[in-house]
Amino acid sequence: MSEANFKIDEVPLPAPADGQVLVKNLWLSLDPYMRGRMNEGKSYAARQELGEVMIGGTVGEVVESKHPKFAKGDQVLGMLGWQQYGLSDGKGLNKVDASRVPLSAYLGVLGMPGVTAWVGLLDICQPKAGETVLVSAASGAVGSVVGQIAKIKGCRAVGIAGGKAKCDYVAKELGFDACVDYKAGKLNDDLKAAAPNGVDCYFENVGGEILDAALRRMNAFSRIAVCGLISQYNATEPYGVKNFQSILTNRIKVQGFIVSDRMELWPKALAELAGWVVAGKIKYRETVTEGLDNAPKAFIGLLKGENFGKQLVRLA
Ligand SMILES: NC(=O)c1ccc[n+]([C@@H]2O[C@H](COP(=O)([O-])OP(=O)(O)OC[C@H]3O[C@@H](n4cnc5c(N)ncnc54)[C@H](OP(=O)(O)O)[C@@H]3O)[C@@H](O)[C@H]2O)c1
């Protein structure tokens, strides 16, 4: 994938018809799932059509409304895509309150990534106090929240991240018990030292060699929530997992999940996350790219780990 796969178009500003609102997008979320939408073939969601506006979560402000539920000035979260303004019929558009948290948080810790962490850890892995929770891409939008919830639940939280700066942030600022730098070249030894009692819950964001290393550390009757496999999204050949046998010998329960399948859990997850964020129990970090023109470069960088925390684009 390259920046040549993207094209910026200028079009006249649309006027809302009856039942529609025009939203000025202030923030755009860049997320790994967008890469999957760019592939042909069967997937859990419709693919991104060529020539259409790229899919994407946005927060912004209503500038004109002909919809009974929205007024000019309302701040809204929606899926209005990679564009500066979006028209909406109100479906999937929700008002948000930016009085206690910044608007951008609704795309990260108090949005889809935060809920993903909550669902994968609490609904699928179901860790008990005292257990060890391991999470890959630990400094990222999802992973950072996973480890902090694990700490709130009384678990040992161990992260895996790329580079010293990310690992220092995970351990020293986010309060994980340990973080392993997978780029340091001794992943198996470092994981053993960081999780001396083995791993009870592994929250998988990355796949590839990191999954193999995690499989070596899993305990009997442990759980793996397969959330993402980002190392594979741009790979030409899929990685062949070597330590699959661990699933049998350790009787591991492995479950993939897509957060949008669990809409019934979102209100509870968001309420808990908001409480933790406001209480300072969950911290987060953002990488902000300026302007839509720079979104393709930032998106390609996200898939290579160039982001540090939630990757956003400031549109205005
Ligand atoms: N199932 C769902 O419903 C759902 C919902 C949201 C997200 N997800 C998945 O959750 C994962 C994290 O998403 P996010 O939004 O929180 O992104 P993120 O962690 O903020 O950013 C992606 C991170 O992945 C790591 N990474 C990239 N390429 C890698 C590679 N080859 N090997 C190892 N690590 C690599 C990088 O961190 P390092 O520098 O530390 O390597 C990068 O910063 C993704 O796999 C995504 O697809 C799933």
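Order of listing sets the numbers, starting from 1, for every ligand and every atom in it.
Electrostatic pairing of Glu290 and Arg314 counts as a salt bridge here, judged by a charged N lying under 4.0 Å from a carboxylate O. Contact check on Arg156 versus Asp200 returns no salt bridge, with no Lys/Arg side-chain nitrogen under 4.0 Å from an Asp/Glu carboxylate oxygen.
Cluster membership check: Met54 does not share its hydrophobic cluster with Tyr85, using side-chain heavy-atom separations under 4.5 Å among Ile, Leu, Val, Met, Phe, Trp and Tyr.
Side-chain contact, Asp261 with Tyr44: no donor N or O sits under 3.5 Å from an acceptor N or O.
With respect to Asp74, the salt bridge (Lys or Arg N to Asp or Glu O under 4.0 Å) criterion is satisfied by exactly one of Lys95, Lys24, Lys69: Lys95.
Residue contact annotation: Leu229 has a non-hydrogen atom under 4.0 Å from ligand 1. For Pro113, the closest heavy-atom approach to ligand 1 does not fall below 4.0 Å. Heavy-atom distances between Lys166 and ligand 1 reach below 4.0 Å in at least one pair. Taking 4.0 Å as the cut-off, Gln311 does not count as a neighbour of ligand 1 on heavy-atom distance.
For ligand 1, the atoms closer than 4.0 angstrom to any heavy atom of Val206 are 32 (N), 33 (C), 34 (N). With ligand atoms numbered from 1 in the order given, ligand 1 contributes 40 (O) to contacts under 4.0 Å with heavy atoms of Ala161. For ligand 1, the atoms closer than 4.0 angstrom to any heavy atom of Val259 are 2 (C), 3 (O). Near Ser231, meaning under 4.0 Å from any of its heavy atoms, are these atoms of ligand 1: 30 (C), 31 (N), 32 (N). Of all atoms in ligand 1, numbered sequentially from 1 with element shown, those under 4.0 Å from a heavy atom of Phe257 are 1 (N), 2 (C), 3 (O).
With hydrogens left out, the protein atom closest to atom 28 (N) of ligand 1 is Leu303 O, 3.3 Å, a heavy atom. Scanning the protein for heavy atoms near atom 36 (C) of ligand 1, the closest one is Gly305 CA, 3.4 Å. At the shortest separation from atom 13 (O) of ligand 1 among protein heavy atoms lies Pro32 CG, 3.6 Å. Atom 5 (C) of ligand 1 has its closest protein heavy atom at Thr116 OG1, 3.3 Å. What sits closest to atom 10 (O) of ligand 1 on the protein, heavy atoms only, is Asn205 OD1, 3.2 Å. At the top of the distance list for atom 7 (C) of ligand 1, counting protein heavy atoms only, stands Val142 CG2, 3.8 Å. If you check which protein heavy atom lies closest to atom 20 (O) of ligand 1, you get Ala141 N, 2.9 Å. Among protein heavy atoms, atom 22 (C) of ligand 1 sits closest to Ile230 CD1, 3.6 Å.
The closest side-chain heavy-atom distance from Cys227 to Thr116 is below 4.5 Å. At least one side-chain heavy atom of Val145 sits under 4.5 Å from a side-chain heavy atom of Ile282.
Residue-level proximity to ligand 1 for Met112 is carried by the side chain, the only part with a heavy atom below 4.0 angstrom. Under 4.0 angstrom from ligand 1, the non-hydrogen atoms of Asn307 come from both its backbone and its side chain. Counting heavy atoms under 4.0 Å from ligand 1, residue Phe308 does not touch it at all.
Atom CG of Leu50 has 12 or fewer heavy atoms from other residues, nucleotides or ligands within 6.0 Å. Atom CD of Glu264 has more than 12 heavy atoms from other residues, nucleotides or ligands within 6.0 Å. Within 6.0 Å of atom NZ in Lys192, 12 or fewer heavy atoms from other residues, nucleotides or ligands are found, so the atom counts as exposed in its surroundings. Around atom CD of Gln20, more than 12 heavy atoms belonging to other residues, nucleotides or ligands sit under 6.0 Å away. Within 6.0 Å of NZ on Lys253 lie no more than 12 heavy atoms contributed by other residues, nucleotides or ligands.
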>> Please determine whether side chain to side chain donor-acceptor pair (under 3.5 Å) holds for the pair Lys310 and Ser29, giving the CA-CA distance in whole Å, both sets of side-chain angles, and the decisive distance to 0.1 Å.
In response: CA-CA 8 Å; Lys310 173 67 206 156; Ser29 175; 2.8 Å; yes
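Checking Gly228, Cys227, Ser144 against atom 48 (C) of ligand 1, the nearest heavy atom belongs to Cys227.
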